[in-house]
Amino acid sequence: MKDEPVLVTGAAGFIGFHTASKLLQAGRSVVGIDNLNDYYDVQLKKDRLQELDNFQNFTFVKDDIADKNAMESMWNKHGPFKEVVHLAAQAGVRYSLENPYSYITSNCMGHLTIMEMCRHTKGFKHLVYASSSSVYGGNEKLPYSTKDSVDQPVSLYAATKRADELMSHTYSHLFNMPQTGLRFFTVYGPWGRPDMALFIFTKAILEGKPLPVFNHGQMRRDFTYIDDIVDGVLGALQNPPSKDGDEVPCRVLNIGNSKSEDLMDFISLIEDVLGKKASFDFKDMQPGDVKETYADVAETSELTGFTPKTSISEGIPRFIAWYKDYYKVA
C-alpha cells in the first residue's frame, strides 16, 4: 500500500498541506494538486509547498480540479489513484456573497470531476472529501449530529458542501464507490488561513488595530486544532465504508473538538499569549453566519478511532509561535 500514491487535492491549502505532510512522514507517496488561486496570499501557499518539496516522495501538479481534461491528463500521468483525499474547494462563507460562481465551479464541478476520475479507476478504494460544519445552517439543536436535518443551509458555501454530500451518495449508490465526507469544525493552527478568526485577531492585536467581532461577540465555535483534523482525515481514509446488504458505502462524519468555546474567551487567550490587549469593532451578525457550532463526534470515534486531543489553551500558543516566526514578529 505504501507504494501506491495518494492524491491530495488542495495540497497548498491549510488542511491539504498538513494532511500531505503527515502522509509523507508516514512514507506514503503523495501527488498534490492545487490551482494556487488568489483567494488569499499566494505566497503562503507557495511556502507550504516548499515545505512539502523537502520530501522526495512528493509530486506537485498545478491544475484546476474543475478542468476535466487537465484532471484526466494528470490522472493518466501520475496515477491511477486508488485513494484520494479531496480537500480542494473555494472556502469561506462571507466570500460566497461576493463571488458565487467560483463556489459552484470549484466545489460542485470540481467534486464531480474528482468522482468521475475515481469511478473509472479499477480497484478504487476510498474517496475522503471535505464537507463543512456550515451544512448545519441555523440548526439550534446542539451538539450537531450527522443524524440532524441539513436541508436549510444559510450560505451558498454551505449549499455547495451539502450538494457534494448528495452527489457522493448518488455515486456510491450507482457505482459502489466508497466515500467519506468530513464535516470540519472551525480549523486553526500553524500555517492557517489568513481569513480565519485566529489569524485575523492575532494580526490585528499585534498591529494595534481593532478586532472585527461579529454578533457583538455573542458567538461560540467548536475550534479544532489542525493536528486533530489531520488525525481525523487519516483515520477516515484508513477505515473506508463497505457495502453491507442494502447499505450504500457512503457516509458523512463530524471532525471537531467536541467543545463549544465562547468567542470572547478565545480572544482573551490570544491576548494572554501575546501579552497585549485588544480593542474591538463590534458588528452585527453577518449574512450566512451562525451563532454557535458544536460537534458530536461519537460516531466518528467509533468508526475511525478519532479522539480530539488539543485544547485551545494548547493550540493558540502554537499558532502564535508559528505566526511570529513566519512573519518575523518580535
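Excluded from the calculations below are hydrogen atoms, water molecules and symmetry mates; all remaining heavy atoms, backbone and side chain alike, are included.
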request  = Would you please classify the geometry between the F319 ring and the W322 ring as parallel, tilted or perpendicular, with 30° and 60° separating the classes?
outcome  = tilted

key: Pair K22 + D227, salt bridge at N-O below 4.0 Å   = no

query = Is there a side-chain contact between Y136 and Y294, using heavy atoms and a 4.5 Å cut-off?
reply = no

query = Out of L237, N239, L234, L253, which one pairs with V128 under the side-chain contact (heavy atoms from CB on, under 4.5 Å) rule?
reply = L237

ask   = How many angstroms lie between atom CD1 of I316 and atom CG of L269, to the nearest 0.5 angstrom?
value = 4.5 Å

ask   = Has the side chain of D296 got a donor or acceptor atom that lies under 3.5 Å from a matching backbone atom of P143?
value = no

request  = Look at the side chain of R48 and the backbone N and O of W191, then say whether any donor-acceptor pair between them is shorter than 3.5 Å.
outcome  = yes

query = Can you tell me if D228 and T310 form a side-chain donor-acceptor pair at under 3.5 Å?
reply = yes

query = Would a 4.5 Å heavy-atom cut-off, applied to side chains only, mark C250 and H173 as touching?
reply = no

request  = Would you please say whether a donor-acceptor pair under 3.5 Å links the side chains of T160 and H111?
outcome  = no

Nearest-0.5 Å distance, CG of residue L182 to NZ of residue K161 = 10.0 Å

query = Which of parallel (below 30°), tilted (30 to 60°) and perpendicular (above 60°) describes H216 and F282?
reply = parallel

ask   = Could you give the distance from OH (Y171) to CD (Q179), rounded to the nearest 0.5 Å?
value = 9.5 Å

key: Heavy-atom side-chain contact between L49 and L36 under 4.5 Å   = yes

query = F184 pairs by side-chain contact (heavy atoms from CB on, under 4.5 Å) with which of T224, N254, I15?
reply = I15

ask   = Quick one: does W75's side chain get under 4.5 Å of C118's, heavy atoms only?
value = yes

inquiry  = Main chain of S258, side chain of D222: is a donor-acceptor contact present, judged purely on distance under 3.5 Å?
reply    = yes

ask   = Do the side chains of V290 and L156 join up, straight or via other hydrophobic residues, at under 4.5 Å, putting them in one cluster?
value = no

request  = Please round to the nearest 0.5 Å and tell me the distance separating atom CG of N215 and atom CD of E292.
outcome  = 11.5 Å

inquiry  = Whether K45 engages the ring of Y40 as a cation-pi pair (distance to the six-membered ring centre under 6.0 angstrom, angle to the ring normal within 45°) should be assessed.
reply    = yes

task = Evaluate the side-chain contact (heavy atoms from CB on, under 4.5 Å) criterion for residues R251 and L303: first the C-alpha distance (whole Å), next the side-chain angles of each, then the deciding distance (0.1 Å), finally the verdict.
result = CA-CA 11 Å; R251 65 189 176 204; L303 293 173; 4.0 Å; yes

inquiry  = Given 3.5 Å as the limit, does a donor-acceptor pair link the side chain of S29 with the main chain of E4, or not?
reply    = no

key: Salt-bridge present (E299, K147; N to O < 4.0 Å)   = yes

Donor-acceptor contact present, side-chain T121 to main-chain K82, <3.5 Å = no

ask   = Can any side-chain N or O of H78 pair as donor or acceptor with the backbone N or O of F60 at less than 3.5 Å?
value = no

ask   = Any idea how Y188 and Y225 line up, ring-wise: parallel (<30°), tilted (30 to 60°), or perpendicular (>60°)?
value = perpendicular

request  = Fit a plane to each ring of Y327 and Y323, take the angle between them on a 0 to 90° scale, and name the class: parallel (under 30°), tilted (30 to 60°) or perpendicular (over 60°).
outcome  = tilted

key: Closest non-hydrogen atom pair, A88 against G10   = CB-N, 3.4 Å

message = Just so I know, are the side chains of T180 and T304 near enough to count as touching, which here means a heavy-atom distance under 4.5 Å?
response = no

request  = Measure the shortest side-chain to side-chain distance between M74 and M117 over non-hydrogen atoms and say whether it is less than 4.5 angstrom.
outcome  = no

query = Is the number of heavy atoms from other residues, nucleotides or ligands within 6.0 Å of CD (Q152) greater than 12?
reply = no

inquiry  = Side chains of D47 and Q43 only: does a donor on one sit below 3.5 Å from an acceptor on the other?
reply    = yes

message = In this structure, would F14 and Y39 fall into the same cluster of hydrophobic residues linked by side-chain contacts under 4.5 Å?
response = yes

key: Row check, F266 ring normal vs R221 NZ/CZ: under 6.0 Å, within 45°   = no

ask   = With a 4.5 Å heavy-atom cut-off, do M71 and E116 have their side chains touching?
value = no

ask   = Is there a donor-acceptor contact under 3.5 Å from the side chain of T9 to the main chain of L87?
value = yes

ask   = Does any non-hydrogen side-chain atom of N107 lie less than 4.5 Å from one of Y157?
value = yes

message = Under a 3.5 Å distance rule, please check whether K291 uses its side chain to pair with a backbone N or O of Q218 as donor and acceptor.
response = no

Hydrophobic cluster membership, L127 vs V248, 4.5 Å side-chain cutoff = no

key: Test item: N35 side-chain N/O and N37 main-chain N/O as donor-acceptor pair under 3.5 Å   = yes

Closest heavy-atom pair and its distance - P153, A158 = CB-CB, 3.8 Å

ask   = Just by distance, with hydrogens left out, do R183 and Y144 show a side-chain donor and acceptor under 3.5 Å apart?
value = no

ask   = For the residue pair N139 and S149, what are the closest heavy atoms and their distance?
value = ND2-O, 3.0 Å

query = Between S106 (side chain) and S102 (backbone), is there a donor-acceptor pair under 3.5 Å?
reply = no

message = Looking at R162 and E165, is there a salt bridge between them, counting it only when a charged N and a carboxylate O are closer than 4.0 Å?
response = yes

note = So CZ of R119 and OG of S172: to nearest 0.5 Å the spacing works out to 12.5 Å

key: Distance (rounded to the nearest 0.5 Å) between H86 NE2 and I114 CD1   = 5.5 Å

